[in-house]
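Report on one structure; see the data block that follows.
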Amino acid sequence: MQLNASATKRSQFTAGIALVSTALFLSACGGDHGSEPAQSAGAAQQMAAAVGVIELRSEEVQSVRELTGRARAFAEAEIRPQVTGLIQRRLFTEGQAVEEGEALYQIDPAEYRAEVRSAQAALRGAEASAAAARETAERFERLAEINAVSRQDYDNAVADMERAEADIGIREAALARAQIDLERTTVRSPISGQIGRSNVTQGALVTANQSTSLARVLQLDPIYVDLTTASTELLRWKQDVASGSISNIENSNVPVTIILENGSEFPETGQLGFSEVNVDEAAGTVIVRAVVPNPDGLLLPGMFVTASFSAGSYDRVFVIPQRALQRTPRGDGYVYVVDENNTAQSRTVSILESQGSNWVVTEGLEDGDQLIVSGLQSVRNGAPVRVTSRNGEPTAQPAGAQ
């Protein structure tokens with residue numbers, strides 16, 4: 001009886017273990033079946049590349065040109081003597097502003113005053129001779145009427161009178177020339193501007209129209225800024241305007257912003273002037289000139305500057321960060337956008353030009369496109385992506401997403 005009781009207990013213990021094992025097995029199978037979608041979704045979420053996007057909107061963009069160049073004087077005059085003589089005085093302070101007609105140098109006028117007096121005396125003598133010749137001709141005219149003198153004598157008297165009157169004209173011209181030379185002993189500024197250093201001192205001998213200038217006067221307000229651009233760029237600009245892809249504006253009203261050598265912005269805004277009609281054959285460049293107000297004289301001739309101005313505007317284009325653009329081995333540009341299925345799709349784009357750290361794109365994009373701008377190292381065409389930021393702001397992530 002004792003042996004039968006032990007056997008019965010062992011049988012019950014074995015059956016209990018079997019029941020527990022079966023229950024655990026069924027429980028495990030049921031748990032795996034219920035959590036499979038969650039685990040698959042989590043795995044897919046972890047496999048999707050995390051990216052940042054911006055939403056695109058077409059806009060009107062100014063076609064900004066940035067060129068380098070140098071400042072040039074608006075007007076420049078080299079002061080040279082027009083008569084010969086010794087410099088008596090210098091009448092200006094080097095570096096000062098001078099006005100048109102202001103006296104700069106005084107050349108010794110004594111010799112030229114003497115020439116004026118000589119010319120005046122010669123003129124008076126010619127006038128006296130002409131008066132005598134006129135009286136003789138008038139007297140011979142009356143005598144010729146009564147045949148008291150021959151016709152030949154009368155004609156000779158008339159010719160003498162005309163020569164005497166012509167001599168008056170010669171003497172008057174000589175006097176005028178002597179007076180001009182006397183006036184030129186005072187050397188005056190032909191323009192208003194700022195005068196530089198003097199190349200001669202008091203007592204120096206100068207000659208008429210010598211090659212060495214006495215000084216130089218520069219007009220610096222306004223001032224020219226000559227900018228250099230490639231002839232191909234100028235040609236493309238004109239073709240864009242002609243084709244209508246860029247809306248042109250009147251050249252006379254194009255504002256120009258000047259950036260100085262130290263990187264600071266010049267306080268005055270200039271105006272675009274003209275472009276050179278010739279191309280530099282050696283460099284293949286063209287000069288574009290701007291006129292800039294310079295009331296304080298901050299810009300000086302020869303100073304290197306950078307200028308930017310709008311060449312017109314593009315309609316319905318997209319401005320995208322340069323970091324969003326990829327290149328094929330052939331150099332073609334493309335970008336990635338996120339479609340409605342949260343997958344990355346590549347788009348080939350046409351680039352017009354750069355503006356700072358952005359590209360101006362005309363083709364390949366549409367309003368509302370979600371352009372991928374970050375996380376591009378993990379993006380593949382057609383692969384799933386997970387948007388973590390939109391327009392620079394973080395987006396809400398599903399629960400459990402990392």
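FYI, side chains are in, hydrogens and waters are out, and symmetry mates aren't considered; it's all heavy atoms of this structure.
Contact of the Leu260 side chain with the Leu299 side chain is registered, since non-hydrogen atoms from C-beta on lie closer than 4.5 Å. Between Gln271 and Val256 there is no side-chain heavy-atom pair separated by less than 4.5 Å. At a threshold of 4.5 Å between non-hydrogen side-chain atoms, the residues Ile259 and Ser308 do not count as touching. Between Gln370 and Arg390, some side-chain heavy-atom pair lies under the 4.5 Å cut-off. Residues Leu365 and Val337 form a side-chain contact, since some pair of their non-hydrogen atoms from C-beta on lies under 4.5 Å apart. In this structure the side chain of Asn199 never reaches within 4.5 angstrom of the side chain of Leu214, judged on heavy atoms. The side-chain heavy atoms of Leu227 and Val225, taken from C-beta on, include a pair separated by under 4.5 Å. Using a 4.5 Å heavy-atom threshold, the side chains of Ile146 and Arg142 count as separate.
Between Tyr105 and Arg90, the closest heavy-atom pair is CE2-CG, 3.7 Å. The two residues Val83 and Asp181 have their closest heavy-atom pair at CG1-O, 3.7 Å. The two atoms that bring Thr212 and Gln210 nearest to each other are O-NE2, 2.9 Å, heavy atoms only.
Between the side chain of Thr285 and the backbone N or O of Ala230, no donor-acceptor pair lies under 3.5 Å. Between the Asn294 side chain and the Leu220 main chain, a donor and an acceptor come within less than 3.5 Å of each other. Using modelled atom types, no side-chain atom of Asn358 and backbone atom of Val319 make a donor-acceptor pair closer than 3.5 Å. Side-chain N or O atoms of Thr136 include one that pairs as donor or acceptor with a backbone N or O of Ala132 at under 3.5 Å.
Using a cutoff of 4.0 Å between basic side-chain nitrogens and carboxylate oxygens, Glu127 and Arg171 are not scored as salt-bridged. For the pair Arg134 and Glu165, the salt-bridge criterion is met [side-chain N within less than 4.0 Å of a carboxylate O]. One finds a salt bridge joining Arg216 and Glu76 here, because a Lys/Arg side-chain nitrogen approaches an Asp/Glu carboxylate oxygen to under 4.0 Å. At a threshold of 4.0 Å, the pair Arg57-Asp367 does not count as salt-bridged, since none of the basic side-chain nitrogens sits closer than that to a carboxylate oxygen.
Cation-pi geometry between Arg72 and Tyr224 is not satisfied (NZ or CZ under 6.0 Å from the ring centre, within 45° of the ring normal).
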* To do: Decide yes or no on side-chain contact (heavy atoms from CB on, under 4.5 Å) for Leu182 and Glu115, but give the supporting numbers first.
  => CA-CA 8 Å; Leu182 175 60; Glu115 289 183 1; over 6 Å; no
* **Pair Asn341-Thr343, side chain to side chain donor-acceptor pair (under 3.5 Å): steps then yes or no** => CA-CA 6 Å; Asn341 298 321; Thr343 58; 5.3 Å; no
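Between Glu135 atom CD and Phe140 atom CZ the span is 13.0 Å, to the nearest 0.5 Å. Note that the CD atom of Glu78 and the CG atom of Leu218 stand 9.5 Å from one another [nearest 0.5 Å].
Few gaps surround CD on Glu55; more than 12 heavy atoms of other groups in view lie less than 6.0 Å from it. In Arg316, the CZ atom is not crowded: 12 or fewer heavy atoms of neighbouring residues, nucleotides or ligands sit closer than 6.0 Å.
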